[in-house]
> 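Okay, here's the structure, questions in a sec.
Positions are given from 1, in the same order as the sequence printed here.
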Amino acid sequence: MGQVIEGKLDATSLKFGIVVSRYNSFITKRLVEGVMDGLSRHGAADEDITTVYVPGSFEIPLACLKLARSGRYHAVIAVGAVIRGATSHFQFVASECAKGVAQAGLQTGVPVIFGVVTAETIEQAIERAGTKLPNRGFEAALTAIEQVNALKAIPE
C-alpha cells in the first residue's frame, strides 16, 4: 500500500478565515455557528479565527482570495446560502461562487473550503443548516482542518 498521508482533525495553533454572506442570513447564521463549533471542538482558539461578512454569495470568492493571499491563515472557509428562485439567477450565483472559491485555493495554495449551501428550496437550506442533516458549516470546518493537516504532511 505504500505511504499513506492523512490530515488529522487537530486545529490547535491553526488560523482560519471565514467569509460569510449576509444574504439569507437566517441560514448563514446557523452555518457560522456550525463552523465555530467544529473549529473550537478541535482545538482552534477564538483569537485565531477572523470572520468577514460580505453582501452575498457572489461576493464570497474575492474576500476568500484576499484572505488566502494575506498569508495569515492556514485555511479559509466560505459560508453562504443560495436558494433557487423563479429565475436563472440561482445558477449564475451558485456557479460563479463555486468556481471563484475553487480558484482562490488553486491560485494561493491555501485550502479554501466551499461551505456554501445550494438548495432548491428554503426547507432544504434549513435542513443543511443542521435541523435534519448535519450542519454544513460544521462539515466545512472539519474539511478545512483535515485539508490543512494533510497538505502539511505532504513532503516538498
> Rounded to the nearest 0.5 Å, how far does OG1 of Thr143 lie from CZ of Phe114?
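Result: 12.5 Å between the selected atoms.
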> First locate atom CD1 of Ile145, then atom CZ of Arg41, and finally report the distance between them rounded to the nearest 0.5 Å.
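If we round to the nearest 0.5 Å, Ile145:CD1 and Arg41:CZ are 11.5 Å apart.
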> Decide if atom CZ of Phe92 counts as having more than 12 heavy atoms of other residues, nucleotides or ligands within a radius under 6.0 Å.
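It does not: Phe92 CZ has 12 such atoms or fewer within range.
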> Using side-chain heavy atoms (C-beta onward) and a distance below 4.5 Å, is Pro155 in contact with Ile5?
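Yes - at least one pair of side-chain heavy atoms lies under 4.5 Å apart.
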> Indicate yes or no: at least one non-hydrogen side-chain atom of Glu139 is less than 4.5 angstrom from one of Leu142.
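Counting from C-beta outward, Glu139 and Leu142 never come under 4.5 Å.
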> Counting distance only, does the side-chain N/O of Thr28 pair as donor-acceptor with the main-chain N or O of Arg22 below 3.5 Å?
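No, because the side chain of Thr28 does not come within donor-acceptor range (under 3.5 Å) of the backbone of Arg22.
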> Please answer: with hydrophobic residues joined when any side-chain heavy atoms are less than 4.5 Å apart, are Val35 and Val148 in the same cluster?
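Yes, same cluster.
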> Under 3.5 Å, side-chain donor or acceptor atoms of residues 56-69 against the rest of the protein: list the pairs with distances, not counting sequence neighbours.
unit_1, atom_1, unit_2, atom_2, d
Glu59, OE1, Gly56, N, 2.9
Arg69, NH2, Gln107, OE1, 3.4

> Of the non-hydrogen atoms in Pro55 and Ser21, which two are nearest, and what is the gap between them?
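Smallest interatomic distance, heavy atoms only, reads O-OG, 3.8 Å.
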> Could you tell me whether the side chain of Ile49 reaches within less than 4.5 Å of the side chain of Met36, counting heavy atoms only?
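SC-SC contact between Met36 and Ile49 confirmed.
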> Please answer whether the main-chain N or O of Arg128 pairs with a side-chain N or O of Asn135 as donor and acceptor at a distance below 3.5 Å.
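The answer is no, because no donor-acceptor pair under 3.5 Å joins these two groups.
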> Shortest non-hydrogen contact from Gly109 to Leu151?
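In terms of heavy atoms, the two residues are closest at O-CD1, 4.5 Å.
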> Look at the side-chain heavy atoms of Ile, Leu, Val, Met, Phe, Trp and Tyr, link any pair under 4.5 Å apart, and say whether Val32 and Ile126 land in one connected group.
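Shared cluster, yes.
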> Can you hop from Tyr73 to Val20 via hydrophobic side chains spaced under 4.5 Å?
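Different clusters: Tyr73 never reaches Val20 through Ile, Leu, Val, Met, Phe, Trp or Tyr contacts under 4.5 Å.
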> Has Ile122 got more than 12 heavy atoms of other residues, nucleotides or ligands less than 6.0 Å from its CD1?
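Open: at most 12 neighbouring heavy atoms sit under 6.0 Å from CD1 of Ile122.
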> Does any part of the side chain of Val82, heavy atoms only, come nearer than 4.5 Å to the side chain of Val116, both counted from C-beta?
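In contact.
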> Distance from Ile154 atom CD1 to Gln3 atom CD, nearest 0.5 Å?
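Reported value, rounded in 0.5 Å steps: 9.5 Å.
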> To the nearest 0.5 Å, tell me how far Glu33 CD sits from Lys29 NZ.
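Interatomic distance, Glu33 CD to Lys29 NZ, rounded to 0.5 Å: 6.0 Å.
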> Is the shortest side-chain heavy-atom distance between Arg136 and Val79 below 4.5 Å?
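Heavy-atom side-chain distance check fails, nothing below 4.5 Å.
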> Assess whether atom CD of Glu47 is packed by more than 12 heavy atoms of other residues, nucleotides or ligands within 6.0 Å.
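Counting other residues, nucleotides and ligands, CD of Glu47 exceeds 12 neighbours.
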> Could you tell me if the side chain of Ile113 sits less than 4.5 Å from the side chain of Val76, heavy atoms only?
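They are not in side-chain contact.
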> Shared ILVMFWY cluster between Tyr23 and Val19, side chains joined below 4.5 angstrom?
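No, Tyr23 and Val19 fall in different hydrophobic clusters.
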> Could you check whether any side-chain N or O of Asp48 sits under 3.5 Å from a backbone N or O of Lys15, counting only pairs where one atom can act as donor and the other as acceptor?
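No; judged by distance alone, with no hydrogens or angles, the pair does not exist.
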> Is any side-chain heavy atom of Leu14 closer than 4.5 Å to one of Lys152?
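Answer yes - side chains close enough.
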> Heavy-atom distance under 4.5 Å between the side chains of Thr121 and Ile83, does that happen here?
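A side-chain contact is absent here, since even the closest heavy-atom pair is not under 4.5 Å.
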> Hey, could you give me the CZ/OG1 distance between Arg30 and Thr131, rounded to the nearest 0.5 Å?
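If I round to the nearest 0.5 Å, the distance is 6.5 Å.
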> Minimum heavy-atom separation for Ala119 to Ala125, with atom names?
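Shortest heavy-atom contact: CB-N, 3.6 Å.
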> Say whether Leu39 and Leu9 are linked into one hydrophobic cluster, either directly or through other cluster members, by side-chain heavy-atom distances under 4.5 angstrom.
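Both belong to a single hydrophobic cluster.
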> If I compare all heavy atoms of Gly115 with all of Ala140, which pair ends up nearest, and what's the gap?
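For Gly115 versus Ala140, the nearest heavy atoms are CA-CB, 3.9 Å.
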> Using every non-hydrogen atom in the two residues, find where Val110 and Ala75 come nearest and quote the distance to one decimal.
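Heavy-atom minimum between the residues: CG1-CA, 3.9 Å.
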> CZ/Phe26 to CG/Leu31 distance, rounded to the nearest 0.5 angstrom?
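It is 10.5 Å, given to the nearest 0.5 Å.
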